[in-house]
Amino acid sequence: MDFLLLLISAGLVSGAAYGMIAMGFALIYKATGVVNFAQGELVMLTAYVAFSIAGAVDLGFWSLLAVTVPIAMAIGLTLERIFIRPMLGEPAFAIVMVTIGLAVILRGVTIMIWGPDPLDFAAGLSREVITLGPIPFYPAQLYAIGCLAILVGLAYGFLRYTRVGIAMRAVAANETAALLMGVSVKRIHAVAWSLSSAIAAVAGILFAANFKLGPDMWFQGLRSFPALILGGLDSLIGAAIGGLIIGVVETLAQGYLGQGLREIAGFVVIVVILMVRPYGLFGARDIERV
Amino acid sequence: MSALLALSNVQVLYDHTIEAVRDVSLEIEEGRIVALLGSNGAGKSTILKAISGILGQEDGEIVGGSIAFAGHDLRRASPASIVARGLVQVPEGRALFATLTVEENLVMGGYGLSRADTETGLEEVYSLFPRVRERRGQISGYLSGGEQQMVAIGRAIMAKPRLLMLDEPSLGLAPQIIDSIFDTIVGLNGSRGLTVLLVEQNAQLALSVASRGYIIENGRIVLDGMAETLRTNPDVQEFYLGFGTSGTRKSMRDVKHYKRRKRWLS
Ligand SMILES: Nc1ncnc2c1ncn2[C@@H]1O[C@H](COP(=O)(O)OP(=O)(O)OP(=O)(O)O)[C@@H](O)[C@H]1O
Ligand SMILES: [Mg+2]
């Protein structure tokens, strides 16, 4: 029983990381219709940025976040401006290729600046074990789950109650009609990139604090794909829940079936779920009526 | 006299090759309802897209002529700046944001407005269309066609239009709904002097509310005049109003200067 609880709690922690990374993917996909293959690299880059900030000034977790997130947003805006904006109106396939190129560039830049060796990064969190009931947690693990919940709340409020958030959904629903209402689609794309980079920074810092900070961290982007697809590709909240499910399934598969099964368990889940629900758990179906 | 909206010799190409509109000139004076009539593929929607500045969405481009609204050149204006000047379109097929609620659709119509203006705008739309108020919290994609058209018009009203362009508002709607929607349009024109450019295939209906009309065929304006004159023009009667003198409708192909196929509705 304790073994099961332990596996589930470990699964929720890695699932929280998947969920946060997948939310970043989902936000850009929702607003622009493109899967940003450089999302994992953004997570890695912003985590390294936070590492350097933490090395320069001694900050607690929240202050570190408060400093890193605006920098991440600026990075996202800049990348959008340089690499994505000129592609506006090009086929989605071409833009996806640009994000793949961008991913390779960001990996190179990260190794050039911070070197190839893994680094130790506590992100301003203590490493004293906290026990909740029968289960021991590191603070970073609880922060990961807590931050996922906060991001879900913020994303929900943003998309539902702010004008820009509603406009983002409007652009996703009908881009031409959004233009006709005076919405600047370019601005919405830029906002999506900067907010997605902000989410990437939170995800990156917490992943690094829980696991490690290394130049192979970009791979977590691909590892988060099952969560993204499970959640429905364009649903931020779906991505978060998808992340938790995949995380738990993976650790259970590893614990009860063996190490090798961890990697494939997530993909098995999405194949099964997509057969039942082709739009994922929370994806928007096209509403067709008229 | 200076028209509120003036198009002069506008030419539009899609994909750099397909000429959809050629040498179109039309003028709309402030406070009027003007009808733009024509069959499928004549170029009506293309003209509205050119005016709203959204041809780029479909690889279309204005390659000649000029479009002026209240003295401002619109050819290189952004869609947002065109809306901000008060030139607002209700697109063909409603084009609601199907996954958004009715009220969210309306809020998007007033995207450039302050919060207070949005509130008064919503109130105005709801009093214009009580049915829309009842449905305010519902996902707009699931409304009936008539309700969707009301939301589409309400959404455009939110932007405080000076000139409202409607692309086939009667399409696919039951007669009573069409009547009520046209009553609303005429009402807005009468009560606040809203200028209207009404695109229709239903010539009978459009000419009954418009003061002027333009008839477009194959991307060219082939006839224009006062609504009354157009209604009594024998060609228009025969081909657009369905009053064939021989008692049966002739095919368009029988007449040289009208080449288009058309289902003569109404
Ligand atoms: N995106 C496009 N690419 C290429 N050609 C187009 C495009 N849109 C329209 N056309 C062509 O331009 C011409 C005019 O089309 P338009 O949609 O303006 O007609 P319409 O008068 O609005 O017709 P309908 O009454 O059917 O809506 C047609 O021949 C059409 O095939
Ligand atoms: Mg049309």
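In what follows, chains carry the letters A, B, and so on, assigned in the order in which the sequence lines appear, proteins first and then strands, with residues in each chain numbered from 1. Computed from heavy atoms alone, side chains included, the values below leave out hydrogens, waters and symmetry copies.
The minimum heavy-atom distance between Val107(B) and Arg163(A), with the atom names listed, is O-NH1, 4.4 Å. Across all non-hydrogen atoms, the minimal contact from Gln89(B) to Met181(A) is O-CE, 4.2 Å. Taking each heavy atom of Ala177(A) and Ala95(B) in turn, the nearest pair found is CB-O, 3.4 Å. For Tyr111(B) against Ala167(A), the heavy-atom pair with the smallest separation is CE1-CB, 3.5 Å. Between Ala80(B) and Gly182(A), the shortest heavy-atom contact is CB-O, 3.5 Å. Contact record, Thr99(B) with Arg169(A): O-NH2, 4.1 Å, taken as the closest heavy-atom pair.
Here the rule is side-chain contact (heavy atoms from CB on, under 4.5 Å) with Leu179(A), and of Ile82(B), Val83(B), Ile54(B) only Ile54(B) fits it.
When heavy atoms are compared at a cutoff of 4.5 Å, Ala84(B) does not approach chain A at all. Proximity to chain B involves both the backbone and the side chain of Ala178(A), based on heavy atoms less than 4.5 angstrom apart. Contacts of Ser81(B) with chain A are absent, with no heavy-atom separation under 4.5 Å from either backbone or side chain. Contacts between Gln57(B) and chain A at a heavy-atom distance below 4.5 Å involve the side chain alone, from C-beta outward.
Contact count against chain A (heavy-atom pairs under 4.5 Å) is highest for Met108(B) among Arg115(B), Glu104(B), Met108(B).
Counting heavy atoms from C-beta on, the side chains of Thr176(A) and Pro91(B) never come closer than 4.5 Å.
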